[in-house]
Each structure stands twice: as C-alpha cells, then as structure tokens.
Amino acid sequence: MEGETKKKIIIDTDPGIDDAMAIFLALQSPEVEVIGLTTIFGNVYTTLATKNALHLLEVAGRTDIPVAEGSHVTIMKGTKLRIADFVHGTDGLGNQNFPPPKGKQIEQSAADFLVQQANLFPGQVTVVALGPLTNIALAIQLDPGFSGKIGQIVILGGAFSVNGNVNPAAEANIFGDPDAADIVFTSGADILAVGLNVTHQVVLSAADRDKMAQSPGKFAHYLCKILDVYFDYHRDAYGTQGVYLHDPAVLLAAVNPSLVTCTEGVVRVQTNGITRGITIFDHTRKRFSGTNEWSNKPTVKVAVTVDAATMVKLVMERLMSS
Ligand SMILES: [Ca+2]
C-alpha cells in the first residue's frame with residue numbers, strides 16, 4: 001500500500017495496557033500511518049503517559065513518530081483526577097518497571113499538535129481518542145475550525161444503554177473529563193463513539209494469551225509480560241478469565257469501519273451529580289414538545305454492533321507477526 005493512500009492517524013492515549021496493544025496494533029496495520037501520539041491522564045498521570053508513549057515507540061523501533069504531551073488537568077482546570085492504576089499497575093504497564101525512555105516529547109502541546117496537523121492535512125487526519133477527551137476539547141477551543149478540518153474522531157468512550165465501568169452510570173474515559181467530552185460530542189466534528197456496549201464484546205481469552213505467549217513476535221512477547229495485571233483485574237472485577245480489548249477494538253474500528261455498525265444521533269454528557277459522566281443518546285426520531293439540551297445539536301455516530309471474532313483474530317494475527 002502506497003504511503004499517500006494510507007489513513008493518517010493520531011492516537012490520543014493514556015498508556016495503559018490496552019493502549020499499548022492498540023498502539024502496537026496501529027503500527028502493525030498497513031492501512032494506516034501513525035503520524036503522532038498525544039498523551040493524556042487516565043490510566044496514569046499525563047507525565048507518565050508521555051514516558052510510556054515514548055517507551056512503547058522505542059520498543060517498536062518507531063522513534064520517528066512524534067509524541068506531544070497533553071493536558072495535566074481537566075478542561076475546567078480540575079486537578080483531582082481519577083487514575084486507574086489499579087487496572088494497569090502503578091507504572092501503567094503491568095508493573096514491569098521498564099527503564100525510562102531515551103527520547104523526549106516534542107515542544108508542542110498535544111492540542112497545538114492536533115490543530116497543526118488538522119490544518120496541514122485538512123479532512124485527512126483521524127484522531128483515535130483512547131483516553132479522556134481533554135486534549136481534543138482544547139484543540140476545539142484553540143481553533144474554532146478544528147472540528148471541520150479534522151477528518152474523523154473515533155472515540156473510546158461512553159456506555160450506551162448499558163452500565164458504566166467506573167460506576168453504574170459512567171465509562172472511565174468520559175468520567176475522566178465529562179465537560180471536555182460534552183464539548184467534543186457537540187462540536188460538529190465527524191465523530192464515531194465506540195462505547196462499553198461494544199468493547200465488552202471484544203474479549204481476549206486466557207487461551208488467546210497463551211497462544212500469543214508462544215509466538216516469536218516481539219509485540220506479542222512484550223504484551224504477554226504486561227498483560228498479567230490486566231487479567232488479574234478482570235478476574236477480580238468481572239469474574240472472567242479474559243480481558244476486554246477496549247482500545248484495540250476502537251483502533252480497529254478506525255482502521256476498518258466495516259467491523260462495526262452504527263446508529264446516529266445526539267450525545268450529551270452529564271457533567272455533575274450522581275450520574276456525572278453518563279452519556280445520553282437521543283436518536284432524534286421523536287419530535288419532543290419544546291426544546292431540550294439535545295435540540296439542534298450536531299449528530300454523531302455511535303457503534304451498536306461489532307464483528308468481535310474478526311477483531312480478536314486481527315489483534316492476534318497482527319501482534320504475533322513481527
Ligand atoms: Ca486508554
């Protein structure tokens with residue numbers, strides 16, 4: 001596949017074990033060209049997310065890809081962040097205490113980098129957003145034209161008609177910065193949201209992991225070292241012998257949209273109260289009497305079904321080949 005025909009993607013990420021899988025998967029996907037990583041808090045604080053992003057690119061031998069550091073606080077300047085180190089280990093990568101990366105992030109902030117790339121390649125850049133949406137919301141605030149110039153934003157976020165994973169209401173990435181999420185969902189950008197209703201169907205089993213462990217591929221080998229903590233969390237939290245492939249599923253939906261089917265409507269995010277972070281979808285088929293908080297807002301696509309078997313097969317094949 002020629003370079004110019006590849007889909008350009010920027011991965012906004014908080015690595016994170018499943019983020020590591022998604023980043024490697026992107027680098028192993030001939031359909032896309034990763035033109036940058038931007039970092040955000042979530043699974044770890046932003047400073048560590050940046051270190052981990054640099055480390056993962058060094059593991060992959062892809063230090064040519066720039067890393068731009070994202071926000072350390074929420075869009076409302078909140079500093080009380082929810083960090084999911086109990087899911088991914090205190091280092092975010094399965095408590096392996098890898099040596100610090102040799103490389104450094106670029107000078108630009110994540111939001112500046114996103115705006116710059118959207119202007120350089122109007123309509124051609126897909127952002128795969130795998131963490132809280134602070135950087136994307138900052139890019140929208142920075143450049144009012146951003147939502148029209150960015151190609152597509154594929155979001156791991158929300159729980160549509162199912163329970164959340166932080167609490168019964170909220171999914172972790174949206175809960176991480178609900179105000180930013182509401183800005184992004186109502187921005188008018190071309191958005192595909194892939195929520196827990198879909199990602200909970202894409203499961204890597206213990207048998208799949210064992211198969212990966214026997215593979216000589218460097219990515220499979222690395223990931224099997226860091227996956228134990230993630231399997232332990234799923235066993236304790238869900239009573240399962242498998243792990244949800246949230247971030248890899250969203251990456252694959254960006255690489256090959258035909259792996260999911262979607263519906264379209266308006267998504268708003270609750271920003272306070274006991275349901276803070278909940279995503280409420282209006283399918284826009286009812287003409288409500290009077291106006292409400294969903295009226296006249298831009299629509300987004302929300303994934304409803306997924307070819308989970310093909311996704312798991314692609315994850316394994318691509319991560320096992322070196
Ligand atoms: Ca993530």
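In listed order, ligands and their atoms are each counted from 1.
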Note to self: With heavy-atom distances below 4.5 Å as the criterion, would you say the side chains of Ile9 and Leu251 are in contact?
What the structure shows: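 They are in contact (side-chain heavy atoms under 4.5 Å apart), so the answer is yes.
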Anything under 3.5 Å between a donor and an acceptor, one on a side chain of residues 271-279, the other on a protein residue two or more places apart or in another chain? List them.
{"from": "Arg276", "atom 1": "NH1", "to": "Thr271", "atom 2": "O", "distance (Å)": "2.8"}
{"from": "Thr279", "atom 1": "OG1", "to": "Ala159", "atom 2": "N", "distance (Å)": "3.2"}

salt_bridge(Asp228, Arg209) N-O dist < 4.0 Å: yes
Worksheet item: Should the heavy atoms of other residues, nucleotides or ligands under 6.0 Å from NZ of Lys225 be counted, would the total exceed 12?
Response: yes
Here the salt bridge (charged side-chain N to carboxylate O under 4.0 Å, His left out) pairs for residues 118-146, sequence neighbours left out, are Asp143-Lys149
Count of protein N, O or S atoms below 3.0 Å from the Ca ion (ligand 1) equals 5
Task: All ring-ring contact (aromatic ring centres under 6.0 Å, His included) counterparts of Phe41, not counting sequence neighbours - done: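 For Phe41 there are no ring-ring contact (aromatic ring centres under 6.0 Å, His included) partners, ignoring immediate neighbours.
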